[in-house]
Amino acid sequence: MSGKKRKTRKQKQRSTGSEKKVRVLTSRALMVIDNKPIRRKAISKCKNILKNFYTVKQEINYFESEDTPAYTKWLNSTFGAEISSLRELKEDFHKLQEFVTLVNKFRHLKNLSYHKAFQLVVELQKNPEKLNEELEKLQKKRFSFLYDDYDEPYDDDDDDDDDDDDDDCAPPSMEELHEQFRNLLASFGKKDEEAVLNDPELYRSMFREFIATLYPDDFSDDDFNGDDDYEDEFDEEDFEEKNKIEADYQNRLKSLYRTLAFKLHPDNGTQSEINKELWYQVQEAYQNNNLKELEKIRALHGYHEEGFSEKHSVSEILELHEEHKFQLRLLRQIHREYKEIISWNFTKRKDKGKLKKSISKQINSEINYWKNQKEYYQSMIEKWKAPPQPQKTKKGSATAKKRHNEQMPGQQELPF
């Protein structure tokens, strides 16, 4: 029956041509959303990340504070003599390498033989100042071709070039000057930059000094007072509003800093390693005027003390999760690199005999390598030290006949 009734109503609407009016209900009442599930999920995610983060960080800290010092102490006590001899070999090799490099440089740039370049370097090494002067001269001579293109005289008769130079030297516009001045302020530091930007009188005076220093002859007072070139960009209402916002920001910053300093100050008693680290982070955030970082530190401290409470908003918990998720990724990369080092878990290792054999083999191979390198350079220097001997020629050769004829100028050459 209900189906038939619907059909008859539709038929009536089609027959009469009337349309059914749809009434849209609008309401501005706020709907209360239960954020407890969202909060529980955010807290669970954050706790898991923080747990993994501090586990990996604890292993890294243990390696740096326990394994590395213990391994270094054991290595020096077991292989002290071999390590010292290896260090001396490397130092000797680097000295010889530096000497050979100097000889090759003087030989190449002064077009000398190896023997003469060797003697010159030996003499110059007795006086380091003179050696440095010679090297500077050779360096200038080596790159003198860079200055060959600038030897042409300046042409005063070329009017087109003068016009181009005038265009290139034209003073910048006021917008460009403001941009240059703000870039200069940014180099002073964040606090000084904000202090100047929030004070219109100070900004004007410093801006004028900036222009007077760079362009003393190009701008006058009329340029600053004109309607076209310069407009005062500081509105009094905006300035007061900025001051209010800045004052509220500073009050929140100081209040939060005092709260955290009271909880984390070293004079309060025994401090955990985490609280010590948070204390240094609080000092750095306060010096950088970073309220957001202080809020993160408060949330992290609350987690370590009593867990997340109602005063920690969901947004703070999620920001803490994202930040430590990124830091955990970096720590895991460091953790993987540390695990490849031979001293990883040295204090817990029981097979130190195998470790001793492998390290002894490695040190001996390095000693042999550097010995060979040192002997190679020493043999090279010994060859340079000896004066070159004249080459012997075969009897009856063309060069021998030529030298014989040069020694006996009165003898005539036969035609055959």
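Counting begins at 1 with the first residue of the sequence.
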Approximate separation, where rounding is to 0.5 Å, of [X] [atom1] and [Y] [atom2]:
X: Glu136; Y: Leu131; atom1: CD; atom2: CG; value: 10.0 Å
X: Phe207; Y: Arg182; atom1: CZ; atom2: CZ; value: 8.5 Å
X: Lys339; Y: Asn345; atom1: NZ; atom2: CG; value: 8.5 Å
X: His321; Y: Leu328; atom1: NE2; atom2: CG; value: 9.5 Å
X: Glu82; Y: Leu75; atom1: CD; atom2: CG; value: 9.5 Å
X: Leu109; Y: Asn104; atom1: CG; atom2: CG; value: 10.5 Å

Above 12 or not: heavy atoms from other molecules or residues under 6.0 Å from [atom1] of [X]?
X: Tyr62; atom1: OH; result: yes
X: Tyr376; atom1: OH; result: no
X: Glu284; atom1: CD; result: no
X: Glu337; atom1: CD; result: yes
X: Glu246; atom1: CD; result: yes
X: His94; atom1: NE2; result: yes
X: Gln58; atom1: CD; result: no
X: Asn251; atom1: CG; result: yes

Please work out whether the ring planes of Tyr203 and His178 are parallel, tilted or perpendicular, with thresholds of 30° and 60°.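 It falls in the parallel class, under 30°.
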
[X] side chain to [Y] backbone, donor-acceptor under 3.5 Å:
X: Ser77; Y: Trp74; result: yes
X: Ser360; Y: Lys357; result: no
X: Thr68; Y: Phe63; result: yes
X: Thr55; Y: Lys51; result: yes
X: Ser84; Y: Ala81; result: yes
X: Ser65; Y: Asn61; result: yes

Smallest separation among heavy atoms of [X] and [Y], with atom names:
X: Lys374; Y: Phe93; value: N-CD1, 4.2 Å
X: Glu66; Y: Thr347; value: O-CG2, 4.0 Å
X: Gln333; Y: Arg336; value: OE1-NH2, 2.7 Å
X: Pro69; Y: Glu64; value: CD-O, 3.5 Å
X: Ala42; Y: Ile317; value: O-CG2, 3.6 Å
X: Leu331; Y: Ile60; value: O-CD1, 3.6 Å

For Phe99 and Tyr377, I'd like to know if the aromatic rings sit close, meaning centre-to-centre distance below 6.0 Å.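 No, they do not, as the ring centres are separated by 6.0 Å or more.
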
Indicate yes or no: at least one non-hydrogen side-chain atom of [X] is less than 4.5 angstrom from one of [Y].
X: Leu102; Y: Leu124; answer: no
X: Phe118; Y: Lys383; answer: no
X: Ile49; Y: Lys45; answer: no
X: Met380; Y: Tyr114; answer: no
X: Arg332; Y: Asn52; answer: yes
X: Arg258; Y: Phe262; answer: no
X: Glu293; Y: Glu323; answer: yes
X: Phe79; Y: Lys356; answer: yes

Could you check Lys95 against Glu98 for salt bridge (Lys or Arg N to Asp or Glu O under 4.0 Å), going step by step and ending with a plain yes or no? CA-CA 5 Å; Lys95 288 179 182 178; Glu98 183 180 358; over 6 Å; no

Where do Arg87 and Ile83 land on the side-chain contact (heavy atoms from CB on, under 4.5 Å) test, with the steps shown first? CA-CA 6 Å; Arg87 189 184 302 114; Ile83 292 173; 3.6 Å; yes

Please walk me through it: do Trp370 and Asp92 pass side-chain contact (heavy atoms from CB on, under 4.5 Å)? CA-CA 9 Å; Trp370 291 108; Asp92 294 340; over 6 Å; no

So Ile342 and Ile359, side-chain contact (heavy atoms from CB on, under 4.5 Å) or not? Walk me through it. CA-CA 10 Å; Ile342 196 171; Ile359 292 175; 4.1 Å; yes

Please enumerate all residues that pass ring-ring contact (aromatic ring centres under 6.0 Å, His included) together with His324, with sequence neighbours excluded.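 With sequence neighbours excluded, His324 shows a ring-ring contact (aromatic ring centres under 6.0 Å, His included) to Phe53, given in chain and number order.
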
Tell me every residue that passes ring-ring contact (aromatic ring centres under 6.0 Å, His included) with Tyr71, counting only those two or more places apart in sequence or in another chain.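 Checked Tyr71 against ring-ring contact (aromatic ring centres under 6.0 Å, His included); matches are Phe346.
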
Step by step, would you call Arg349 with Trp344 a side-chain contact (heavy atoms from CB on, under 4.5 Å)? CA-CA 9 Å; Arg349 181 175 290 185; Trp344 178 261; 5.8 Å; no

Side chains of [X] and [Y] only: does a donor on one sit below 3.5 Å from an acceptor on the other?
X: Gln283; Y: Gln287; value: no
X: Asn289; Y: Gln250; value: yes
X: Glu123; Y: Gln119; value: no

Output yes when Glu382 and Lys385 qualify as a salt bridge under the 4.0 Å nitrogen-oxygen rule, no when they do not.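 Yes.
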
